[in-house]
Participant: 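The structure's right below; bear with me while I get my questions together.
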Amino acid sequence: MSFTVNPISPVLGVKISGLDLAKPMGDNLVAEIRQTWLDAGGLAIFPEQSLTTEQHIAFSRQFGPLFGAPGNTPLQETVSRYLHPDHPEIYRVSNRMENGEPKGRAGAGTYWHSDVAFKAQPAAASILYAIEIPACGGDTLFCNMTAAYEALSDTMKEMLAPLRAVHDFAQTAANQFARPVVIESDLKGDNRTVHPVVRTHAQTGAKSLFVNPGTTVGLDGFTPGESAALLGQLFSHATKPDFCVRHTYTQGDVVMWDNRTLMHYAVNDYGDQPRYMGRTTEIGEVPE
Ligand code: SIN
């Protein structure tokens with residue numbers, strides 16, 4: 001099976017056409033897709049897919065172990081009510097209700113973040129399948145934290161090299177309480193950890209900033225004021241349009257992003273128009 005690759009922007013991302021992700025793939029094809037995705041900075045869009053839940057999971061697990069798969073760590077104890085009832089590998093992001101219950105987490109990820117950064121082993125790839133999309137709106141923004149790191153001065157890179165940042169899901173919850181889409185039981189569990197501010201990608205060796213406004217609550221050894229100033233500077237630098245792309249969905253898109261090198265932001269501008277996405281999430285390495 002061959003495929004066509006078209007860049008979606010100079011800074012990040014490719015569209016990979018000509019593949020049917022529902023079909024079994026050999027190891028060589030999976031390796032080629034992975035390399036194409038890594039070369040594109042960790043963002044690939046596979047258009048015009050038609051997947052069952054099982055096929056979405058089967059495609060995803062070829063790229064690594066999935067949160068929620070039998071025997072693996074659950075995605076997060078607190079999101080259990082948003083998981084697919086029969087397939088805990090699938091985290092559902094949706095504003096739809098079904099039998100009086102949310103079909104998925106409404107307003108999920110409506111702030112810059114990297115998935116599961118508050119765990120000791122955060123996510124590597126996330127693979128989102130666009131099942132139902134609004135007539136307009138509901139885009140996802142991505143920013144390239146490798147490009148952002150590389151654009152820093154050598155002096156700043158030296159200063160950041162030994163630093164560690166504290167990540168906490170409570171920060172994510174605080175971002176969402178205003179709406180509110182996070183309830184108190186969402187805060188259960190062990191969702192706080194410390195990671196290096198600059199991480200080295202396990203496959204490419206590239207260095208990236210690994211802090212995000214969604215979960216990073218401070219820098220180890222700094223006062224709250226010092227942390228806020230330095231993190232604020234890094235966040236505004238990293239989210240400059242020069243390092244970002246915006247994806248507008250067509251139903252059937254599968255989007256695969258690398259949480260080790262990207263932040264993303266789900267734009268919550270579609271009101272009551274239904275939006276329903278299923279996401280698998282790969283368990284990554286301990287960041288180094
Ligand atoms: C997420 O995984 O953060 C949600 C992304 C989206 O719904 O656009």
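Each ligand, and each atom within it, is numbered from 1 in the order the structure gives. When reading the values below, keep in mind they use all heavy atoms of this one structure, side chains included, and skip hydrogens, waters and symmetry mates.
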Participant: Heavy-atom contacts with Thr140 under 4.0 Å: which atoms of ligand 1 show up? List them by number with element.
Facilitator: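 Under 4.0 Å from Thr140, ligand 1 has these atoms: 6 (C), 8 (O).
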
Participant: Going by the closest heavy atom to atom 7 (O) of ligand 1, which one wins out of Arg275, His113, His264?
Facilitator: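 Nearest option to atom 7 (O) of ligand 1, by heavy atoms: Arg275.
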
Participant: Would Trp257 count as a contact residue for ligand 1, given that I'm defining contact as a non-hydrogen atom of the residue lying under 4.0 Å from a ligand atom?
Facilitator: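 Trp257: in contact with ligand 1 (<4.0 Å).
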
Participant: Using 30° and 60° as the class boundaries, would you call the ring planes of Tyr82 and Tyr91 parallel, tilted or perpendicular?
Facilitator: perpendicular

Participant: What atoms of ligand 1 come within less than 4.0 Å of a heavy atom belonging to Val93?
Facilitator: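 Once the distances to Val93 are compared, the set is 7 (O).
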
Participant: Answer yes or no: is there a side-chain heavy-atom contact under 4.5 Å between Arg260 and Gln203?
Facilitator: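 Counting from C-beta outward, Arg260 and Gln203 do come under 4.5 Å.
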
Participant: Hey, which of Val194, Leu219, Val197 is the one that makes side-chain contact (heavy atoms from CB on, under 4.5 Å) with Arg164?
Facilitator: Val194

Participant: In a check of side-chain contact (heavy atoms from CB on, under 4.5 Å) between Glu89 and each of Ile57, Leu83, Asn72, which one passes?
Facilitator: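 Looking at Ile57, Leu83, Asn72, the match for Glu89 under the side-chain contact (heavy atoms from CB on, under 4.5 Å) is Ile57.
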
Participant: Tell me: protein heavy atom nearest atom 4 (C) of ligand 1, and distance?
Facilitator: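 Of every protein heavy atom, Ala108 O, 4.0 Å lies nearest to atom 4 (C) of ligand 1.
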
Participant: Tell me, which protein residue and heavy-atom name are nearest atom 5 (C) of ligand 1, and how many Å apart are they?
Facilitator: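 Of every protein heavy atom, Ala266 CB, 3.9 Å lies nearest to atom 5 (C) of ligand 1.
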
Participant: Going by the order shown, which atoms of ligand 1 are within less than 4.0 Å of some heavy atom of Gly109?
Facilitator: 3 (O)

Participant: Quick one: are Leu43 and Trp37 in side-chain contact, heavy atoms under 4.5 Å?
Facilitator: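 No; the side chains remain at least 4.5 Å from each other.
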
Participant: Does Glu282 pair with Arg61 as a salt bridge, N-O distance under 4.0 Å?
Facilitator: no

Participant: In terms of residue, atom name and distance, what is the protein heavy atom nearest to atom 2 (O) of ligand 1?
Facilitator: Arg279 NH1, 2.8 Å

